[in-house]
Peer 1: 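Quick one: this structure, given as structure tokens, is what I'll be asking you about.
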Amino acid sequence: MRLITLAAVSASVLSLLLPAAASARTDEGMWTFDQAPLARINRALGTDIDHAWLDRVRLGAVRLAGCSASLVSEQGLVLTNQHCIRSCVQAHAEPGQDLLSQGVFARTRDEELACPGQVAEVLLEIVDVTEQVQTAGTGMTGAEYAGAQSRAIGALEREACGSDPALRCQVINFYRGGQYKLYRFRRYSDVRLVYAPEHQAVIFGGDPDNFNFPRYALDAAFLRVYENGAPASTPDHLTWNAERIVDGQPVFVAGNPGSTSRLKTVDQLRIERDWAIPAQLRSLAELRGRVIRFAEESPENARMTRDALRSIENSLKRYTGMHQALADQHFYNRLVDAETQLRTASMSADGDAVDAWSEIESAHEHYVRLMPRYTWLESDAGSRSVLFSYARSIVRAAYERERPEGQRLAGFSDAALGNMGRSLAQARNIDTPLESLYLQFWLSKTRENLGTDDADVQQMLGRDSPEALGARLIEGTTLADPTVRTALFEGGRAAVEASDDPLIQFVLRTDAAARAVRSDWRALVSAPIDRAGERIAAHRFARARGDDTYPDATFSLRLSYGRVAGWNNGTRDVPSTTTVAGLWDRATGAAPFNLSPGLEAARDRLPEDAVYTVASTNDIVGGNSGSPLLNARGEVIGAVFDGNLESLGGAYGYDGSRNRAVTVTAEMITLALREIYDMGALADELEGGR
């Protein structure tokens with residue numbers, strides 16, 4: 001399968017080798033809002049967007065935990081995907097209740113459900129702090145360099161936001177260290193669920209249709225942000241527009257793409273291809289097998305694992321697509337050739353850049369050595385266990401709070417600790433059998449990867465098997481109770497060390513090893529790569545006006561532009577839109593192509609020509625889920641929920657002839673509210689802004 005052509009190789013390499021007009025794909029780019037190429041966009045699309053348009057869209061865009069969203073009414077209403085808020089639905093399910101299948105339909109404010117741990121953030125301001133961050137590490141290397149930069153970043157964030165819980169400040173690294181920008185957000189920590197359709201309406205087509213098109217997924221949901229116990233006033237919301245979307249019309253996506261690797265060196269991509277992605281695929285494949293086996297044991301287990309299994313399968317398909325892109329030898333060889341020319345040009349001008357590439361290669365020797373230990377003791381510790389995450393947060397907070405703020409681990413500033421405390425205090429339903437499965441999986445894989453005789457593994461397991469220890473820790477912990485979590489968090493080190501909770505004691509016993517490998521990783525891997533990346537970026541800027549090239553995705557707000565368009569997948573022409581009539585044709589009655597009860601009952605009320613989903617050329621990746629699809633006036637015309645198979649290679653490059661974003665339309669969402677789920681008042685609220 002041809003995922004990416006030479007024309008799609010990232011602008012980070014080719015912009016230095018080709019004329020600007022040849023290197024820029026028409027619709028390519030995940031542009032920061034302070035560097036959006038307005039003239040280029042308007043020339044390509046025939047639009048007339050300006051800085052005022054960008055400001056309106058920025059203030060209406062929302063960042064959620066791992067997803068994107070948008071404000072769509074003056075009363076704090078937020079549009080996102082159902083798959084982004086499933087944990088909120090599950091948190092309110094009673095034992096034996098399949099709330100996800102039923103859906104959530106809050107027809108009054110009192111019926112809106114709190115979403116534990118969910119935070120909504122609106123970007124208020126962007127400030128360039130590159131000089132302050134880069135000069136902080138001048139002349140330093142390794143841990144010293146990393147520490148100096150971390151302290152500088154912490155100081156900048158504190159100065160910009162202070163301790164105001166309604167604000168969040170984050171310094172974000174762009175261009176692999178070439179720029180640092182301070183993003184100041186308006187933060188809403190009281191987020192409530194208003195509407196989530198029946199699960200089968202969202203996952204119609206299941207894994208066979210995932211990353212494919214046509215799609216018939218009603219993947220939209222509504223939240224509401226609150227202030228002081230009342231719906232927040234949000235006058236800067238975006239306008240809802242449920243008019244018919246047509247082929248070829250200009251469209252925009254404002255969202256938070258999670259991560260791309262278009263500015264990485266070839267050696268970094270080699271490490272991803274040969275080490276990081278295969279390790280993820282092995283782990284996910286085994287976890288999927290365990291979850292499937294667990295689900296088959298009972299209907300209740302199947303309910304508990306439904307969302308988890310969907311997430312795991314989605315990740316497996318995504319990583320497979322990424323690996324296939326890098327395994328395409330034709331594509332990879334062209335990357336190698338392009339970088340060789342770039343390094344040669346840099347060497348003739350200044351050997352420092354060549355040394356920077358060599359430093360990245362040297363750091364990867366430590367990467368390969370440390371990766372198993374760093375993965376299983378630190379980055380993937382606890383697998384997906386919420387209770388383990390609670391325990392580690394509580395334990396680390398107790399010790400980090402005693403250190404000067406500038407010397408703490410990332411994520412433990414005073415402001416972050418305040419947000420952590422509020423999150424820990426929120427109630428949520430936790431499926432302890434699934435928690436036990438996750439912990440047992442993690443413990444067994446840690447022993448498998450580090451070895452039975454490893455000192456840290458022995459400290460972790462003692463004389464227990466992974467299965468026995470995982471079950472005992474979950475059965476004995478009381479951290480499912482928010483009052484217990486809050487008491488431990490507020491009690492600090494004394495309360496934590498005095499606790500007899502087995503999960504707290506487990507983290508106390510094992511966290512030293514995790515922190516040690518975290519420190520080694522920062523000093524020997526990430527800090528040297530960051531430092532070398534800064535120098536490569538400096539050469540890129542000096543020689544190719546690098547600030548005219550968009551940075552890699554960093555889960556920061558970006559603008560993507562394009563058109564509603566189909567494509568040819570190599571065997572057939574794929575249309576740009578689907579209709580309700582297509583849903584009836586595709587429904588076979590057999591899972592996963594079975595209709596939800598609500599859709600089946602509403603068959604006679606839905607116009608067959610209504611546009612259900614659309615494909616567009618917008619450049620997106622994971623993290624864009626829930627992003628608003630906007631028309632040229634900046635109005636919301638849908639919610640992005642997926643890409644096509646070809647877009648999975650988008651982590652490394654963009655092919656405008658094949659990469660597509662997939663969106664459920666505002667037209668279909670409005671029809672669902674009015675004709676399927678008796679949510680007319682919500683539809684009125686949406687359309688009241690017009």
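For clarity, every value in this text was computed on a predicted model and none was experimentally measured. Here, residue 1 is the first one in the sequence, and each next residue gets the next number.
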Peer 1: So Trp376 and Phe441, would you call those rings parallel, tilted or perpendicular, with 30° and 60° as cut-offs?
Peer 2: perpendicular
Peer 1: Determine the sole option in Thr446, Asp454, Asp520 for which the side chain to side chain donor-acceptor pair (under 3.5 Å) test with Arg373 is passed.
Peer 2: Asp454
Peer 1: Going through the checks in order, is the side-chain hydrogen bond (donor to acceptor under 3.5 Å, both in side chains) test met by Tyr654 and Arg262?
Peer 2: CA-CA 9 Å; Tyr654 172 81; Arg262 300 180 188 180; over 6 Å; no
Peer 1: Within the distance-only criterion (no hydrogens, no angle test), does the side chain of Arg660 pair as donor or acceptor with the backbone N or O of Gly656 below 3.5 angstrom?
Peer 2: yes
Peer 1: Run the ring-centre check on Trp31 versus Tyr561 and record whether the distance is less than 6.0 Å.
Peer 2: no
Peer 1: Would you call Glu448 and Lys445 a salt bridge, using N to O less than 4.0 angstrom?
Peer 2: yes
Peer 1: With a 4.5 Å heavy-atom cut-off, do Arg63 and Leu557 have their side chains touching?
Peer 2: no
Peer 1: How close do Ser383 and Leu287 get, heavy atom to heavy atom, and via which atoms?
Peer 2: OG-CD2, 4.4 Å
Peer 1: Could you list the residues that satisfy side-chain hydrogen bond (donor to acceptor under 3.5 Å, both in side chains) with Arg518, not counting sequence neighbours?
Peer 2: Glu378
Peer 1: Which atom pair, heavy atoms only, marks the closest approach of Thr32 to Pro551?
Peer 2: CG2-CG, 3.9 Å
Peer 1: Could you check Thr554 against Ser556 for side-chain hydrogen bond (donor to acceptor under 3.5 Å, both in side chains), going step by step and ending with a plain yes or no?
Peer 2: CA-CA 5 Å; Thr554 53; Ser556 54; 2.7 Å; yes
Peer 1: Given side chains that start at C-beta, do those of Met420 and Phe412 come closer than 4.5 Å, heavy atoms only?
Peer 2: yes
Peer 1: Salt bridge or not for Glu272 and Lys264, using N-O below 4.0 Å?
Peer 2: yes
Peer 1: Within 45° of the axis and under 6.0 Å from the centre of the six-membered ring of Tyr399, does NZ or CZ of Arg401 qualify?
Peer 2: no
Peer 1: Heavy-atom distance under 4.5 Å between the side chains of Ile49 and Asn42, does that happen here?
Peer 2: yes
Peer 1: Which salt bridge (charged side-chain N to carboxylate O under 4.0 Å, His left out) pairs, counting each pair once, include a residue from residues 128-145, with sequence neighbours left out?
Peer 2: none
Peer 1: Between the side chains of Thr265 and Asp267, does any donor sit under 3.5 Å from an acceptor?
Peer 2: no
Peer 1: Is there a donor in the side chain of Glu534 and an acceptor in the side chain of Tyr180, or the other way round, less than 3.5 Å apart?
Peer 2: yes
